[in-house]
Amino acid sequence: MHRTKLITLVVTIMTALGSSAFADGVSPWLPAPGAGFINLSYVSQNANQFYVQDNLRGTPPQNAVPDGKGPNLGQHTVWLNGMYGWSDAIAIDFRVGAARSYASAGPTGGRNKYGGVTDSNIGVTWRIVDELVKPSLPSLALRGGAIIEGSYTPGYINSIGDGASGLEASALAGKWLTDWLAISGEVGYRVRDEDVPSDLFVNVSGGVLVDNIGLSVNYKLVDAQSGLQIGVPPFTPGGRVFPKVEEDIQFLSGTVSLNVTDQTNLALSYGEVIDGRNTSKSKVFSVTMGYLFDTTL
C-alpha cells in the first residue's frame, strides 16, 4: 500500500471525525516526517428534541411533552484541524474553532445566543506498529491530548462547550483490508476540571477510496462516567449546571469526499445523534476543505 494513498484515506476519515460537532477523533495512520494535512470545516447542527435523562422529548420549555417538538437548539461552528508528521513514529494534531449557538424558534429568532472560541485540543500520537512495515498486523498507536478551555459563556443548555480544560488518552488501531477498503477504531478516556464528568469515548470508522472519491461511515460513543440527571435534584435549571450532567451520546455519520487534486480534498458529511442521555438529538451537516502538504519537497 502506497503511503500517499493511505494518507489520502486518512484525510477522508479525519474529515468526518474532525468536523463533527461531538468528540474528537484521530487516526492510527500517520503522515510521513515533515508532511501532514489541514482541514477547514463549517459545521451546522440543530435539534428540536432533547433526551431528558434517556427519554426523548421536545426541547425546553416544551420538554414536559413526551416526544413533542420544541424550539430549536442550534450551533454554527468553523473548525480548523490537522496533523503533522514530526518523525516516522510521532505526529502532532490540533483542533480549534469558533462558534455561535442559539436557542430560539429559528436561527434569527434570538431568545438567547452565545458566541466565542471553542475548546481547543492538541495531541501527540505515537505509532507502535506500522502495517506498511508489518503487513500481517494492523497499525497500532497511542495518543495523549490536552483540552484547553475556550472563551465563551458556559453553563447553559445551548452553550458552546462545558467551560473546562482537561486531558485525554486513547489507543488506536487501523487496517487496510483491501487496496481500497480500510477500518479504524479508537478507545479513550477524558478527564476535565470544573466538576465536568469524565468520559469514556469510542470512535469507529470504515472508509473506501476508489480513484479520487472517498466514502466513510463513522460511529461515535461518548459515555459520561458520572454526573447529574436533568429533572432530578440537585439539578436546578437556573443554576448553570449543564456541564455537570451525565451526557451520553451515540452519533452516526457518513462522509463523501472528492480529491480535487493530489493535495486538495472537498467533503460533505451528515450525521445524527441516534441515542443519548441528557443531550440534544442533533442533526449535523458539515462541509470541509482539506489540504495535504509536504515540507520536505
Side-chain angles (χ1 to χ4, degrees), residues 10 13-14 16-30 51 53-54 79 81-83 86 89-97 118-129 138-150 154-155 159-175 183-206 218-230 241-253 271 273-280 282 284:
V10 170
I13 294 176
M14 286 284 286
L17 294 176
S19 64
S20 81
F22 302 104
D24 300 329
V26 295
S27 163
W29 300 299
L30 307 187
Y51 290 97
Q53 299 174 50
D54 57 0
W79 287 112
N81 75 288
M83 179 177 279
W86 184 264
I90 295 177
I92 299 171
D93 63 86
F94 74 94
R95 187 180 193 233
V96 65
T118 65
D119 296 338
S120 301
N121 194 302
I122 185 169
V124 177
T125 302
W126 172 42
R127 183 177 56 212
I128 303 171
V129 177
S139 293
L140 301 174
L142 297 174
R143 179 185 181 272
I147 303 160
I148 304 168
E149 178 185 351
S159 292
I160 291 172
D162 290 325
S165 298
L167 298 172
E168 60 187 20
S170 60
L172 305 103
K175 180 67 176 175
I183 57 174
S184 67
E186 177 184 22
V187 178
Y189 198 81
R190 177 184 301 116
V191 296
R192 286 174 289 176
D193 58 14
E194 304 296 336
D195 296 324
V196 175
S198 299
D199 293 327
L200 171 69
F201 61 91
V202 177
N203 297 310
V204 180
S205 295
N218 314 278
Y219 169 80
K220 297 185 178 190
L221 168 69
V222 181
D223 183 11
Q225 302 299 288
S226 62
L228 302 176
Q229 302 299 317
I230 293 177
V241 294
F242 280 99
K244 300 179 183 180
V245 304
E246 179 187 353
E247 184 177 12
D248 301 335
I249 300 169
Q250 294 189 56
F251 182 71
L252 184 65
S253 65
V273 172
I274 58 174
D275 199 5
R277 172 180 287 268
N278 300 316
T279 194
S280 57
S282 294
V284 183

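From a predicted model like this one, the values you see are computed outputs, not experimental measurements.
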Answer with yes or no whether the side chains of [Y] and [X] bring together a donor and an acceptor at under 3.5 Å.
{"X": "Asn218", "Y": "Ser205", "value": "yes"}
{"X": "Tyr219", "Y": "Gln250", "value": "yes"}
{"X": "Glu186", "Y": "Ser170", "value": "yes"}

Which atom of [X] lies closest to which atom of [Y], heavy atoms considered:
{"X": "Tyr189", "Y": "Val191", "result": "CE2-CG1, 3.6 Å"}
{"X": "Ile274", "Y": "Tyr51", "result": "O-OH, 3.7 Å"}
{"X": "Phe251", "Y": "Val273", "result": "CD1-N, 3.7 Å"}
{"X": "Ala141", "Y": "Pro28", "result": "CB-CA, 4.2 Å"}
{"X": "Phe242", "Y": "Gly155", "result": "CD1-O, 3.5 Å"}
{"X": "Gly188", "Y": "Leu200", "result": "O-CD1, 3.3 Å"}

Is it the case that the side chain of [X] and the backbone of [Y] share a donor-acceptor pair, with hydrogens and angles ignored and the cut-off at 3.5 Å?
{"X": "Ser159", "Y": "Gly161", "value": "no"}
{"X": "Ser253", "Y": "Gly271", "value": "no"}
{"X": "Asn278", "Y": "Gln53", "value": "yes"}
{"X": "Ser120", "Y": "Val96", "value": "no"}
{"X": "Asp248", "Y": "Ala224", "value": "yes"}

Carboxylate-amine/guanidinium contact Asp119 Arg95, below 4.0 Å = no
message = Does this structure show an ion pair linking Arg192 with Asp199, if we count only N-O contacts that are shorter than 4.0 Å?
response = yes
